[in-house]
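Because the structure is predicted, anything quoted here is derived from the model rather than measured.
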Amino acid sequence: MKFIVASLFLFLSHQALALSADKCQSTDWFAVGRDSGVKGQPSDQIMKTHRDCQKKGVDISLEQYQKGWQMGISEYCSPDSAFNLGFKKKSPSKFCPIDMKSDFDQFYAWGKEAFGLEKDIKSKETKLKSKVKALNSAIKKKEGLEKEVKTLEEQTKGLNEKVDAIENQMKKKRSVIKATSSK
């Protein structure tokens, strides 16, 4: 049973991948090439499709495909694309033309570096927010403690004033007692 299901699956998937003769003729091979290039795919991947179409008696335009692929690979290998690929940590294609490879590699490396820096920035921002929150909490606590200190200072001053008043009363009373006992 498994063999029948597997065979049926392979048959149906091959049918889905195979192009009809009409599809071979009506396909915009320039667009297909451009799409392959933009994705960084190799230019020779069209060869299987080319052979399949030839078997159906249709010769596809490899020239149009190559022109499209050249346009697409130029977009893929552009500095902005290379930077974005590096930043997204996607594996780079190995199919950039030699004259673009050096710049591609440099921008790709900068993208990877920028990704790492962005990650560090986010980590530092998270820590910073935590520290600011802790600082604000400490400031509020400090303000509360300052109010308590001020209240205690005022209470202490009031108590000292009462002690001074008692001492003054005792002094006066002692003077009165001394003055009456010496008479």
Side-chain angles (χ1 to χ4, degrees), residues 2 5-6 9-10 12-17 19 23 27-49 64-167:
K2 287 182 183 178
V5 171
F9 175 77
L10 286 173
L12 292 174
S13 63
H14 179 68
Q15 291 300 317
L17 295 175
L19 292 175
K23 191 73 171 168
T27 298
D28 180 352
W29 293 108
F30 179 87
V32 171
R34 184 177 175 282
D35 185 57
S36 293
V38 164
K39 292 176 182 173
Q41 297 171 338
S43 64
D44 63 355
Q45 78 172 17
I46 190 67
M47 297 316 292
K48 181 183 180 325
T49 304
Q64 285 299 305
Y65 175 87
Q66 283 298 326
K67 284 181 182 178
W69 185 85
Q70 286 296 330
M71 179 184 280
I73 202 71
S74 292
E75 288 177 41
Y76 176 86
C77 297
S78 71
D80 289 342
S81 174
F83 181 87
N84 289 332
L85 288 166
F87 191 82
K88 293 175 183 173
K89 298 199 83 171
K90 291 188 176 181
S91 298
S93 171
K94 298 173 182 144
F95 302 104
C96 289
I98 294 291
D99 62 328
M100 299 180 87
K101 183 83 172 112
S102 175
D103 289 339
F104 179 89
D105 290 344
Q106 180 65 66
F107 278 84
Y108 181 82
W110 284 336
K112 280 179 67 173
E113 184 178 359
F115 174 82
L117 294 171
E118 187 75 22
K119 189 175 174 184
D120 287 346
I121 288 169
K122 288 178 182 177
S123 172
K124 300 294 184 214
E125 285 175 343
T126 299
K127 287 180 183 177
L128 179 63
K129 286 177 185 176
S130 173
K131 297 299 179 186
V132 167
K133 187 177 179 180
L135 179 61
N136 287 335
S137 176
I139 288 170
K140 286 180 183 177
K141 188 174 184 177
K142 178 185 175 247
E143 289 170 353
L145 290 172
E146 286 173 340
K147 284 180 184 178
E148 286 181 36
V149 166
K150 188 174 182 179
T151 301
L152 290 171
E153 286 174 340
E154 289 171 0
Q155 289 173 349
T156 303
K157 182 180 176 187
L159 292 172
N160 281 329
E161 288 171 355
K162 286 182 180 181
V163 168
D164 289 344
I166 291 171
E167 287 176 351

Please round to the nearest 0.5 Å and tell me the distance separating atom [atom1] of [X] and atom [atom2] of [Y].
X	Y	atom1	atom2	result
Q66	Q64	CD	CD	11.0 Å
F107	E113	CZ	CD	13.0 Å
F104	K94	CZ	NZ	12.0 Å

Selection residues 82-157 - residue pairs positive for disulfide (SG to SG under 2.5 Å), sequence neighbours left out: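 Every pair satisfying disulfide (SG to SG under 2.5 Å) with a residue in residues 82-157: C77-C96.
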Which pairs pass disulfide (SG to SG under 2.5 Å) with one or both residues in residues 114-147, sequence neighbours excluded?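 Listed once each, the pairs would be none.
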Would you mind reporting whether [Y] and [X] have side-chain heavy atoms less than 4.5 Å apart?
X	Y	value
F95	S43	no
L85	Y76	yes
F87	W110	no

Non-neighbouring partners of Y65 that pass ring-ring contact (aromatic ring centres under 6.0 Å, His included), sequence neighbours left out: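 For Y65, no residue satisfies ring-ring contact (aromatic ring centres under 6.0 Å, His included) once neighbours in sequence are set aside.
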Can you check side-chain hydrogen bond (donor to acceptor under 3.5 Å, both in side chains) on S93 and Q41, steps first, answer last? CA-CA 7 Å; S93 171; Q41 297 171 338; over 6 Å; no
In terms of heavy-atom contacts, does NZ of K112 have more than 12 from other residues, nucleotides or ligands at under 6.0 Å?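 At most 12 heavy atoms, drawn from other residues, nucleotides or ligands, come within 6.0 Å of this atom.
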More than 12 foreign heavy atoms under 6.0 Å from CE of M100: is that the case here?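 Yes, CE of M100 has more than 12 neighbouring heavy atoms, counting only those of other groups under 6.0 Å.
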Counting only pairs under 3.5 Å, give me each side-chain donor-acceptor contact of residues 114-130, with atom names and distances, residues two or more places apart or in other chains.
| residue | atom | partner | partner atom | Å |
| --- | --- | --- | --- | --- |
| T126 | OG1 | K122 | O | 3.0 |

Go through it in stages, so that I can follow the logic: the residues are W29 and K67, the test is side-chain contact (heavy atoms from CB on, under 4.5 Å), and I'd like the CA-CA distance, side-chain angles, deciding distance and then a yes or no. CA-CA 9 Å; W29 293 108; K67 284 181 182 178; over 6 Å; no
Using the salt bridge (Lys or Arg N to Asp or Glu O under 4.0 Å) rule, collect all pairs that involve residues 27-41, keeping only residues at least two apart or in two chains.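 For residues 27-41: R34-E75, D35-K39.
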Pairs in or reaching into residues 130-148: which pass salt bridge (Lys or Arg N to Asp or Glu O under 4.0 Å), with residues at least two apart or in two chains?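 Every salt bridge (Lys or Arg N to Asp or Glu O under 4.0 Å) pair that includes a residue of residues 130-148, provided the two are not neighbours, is K142-E146.
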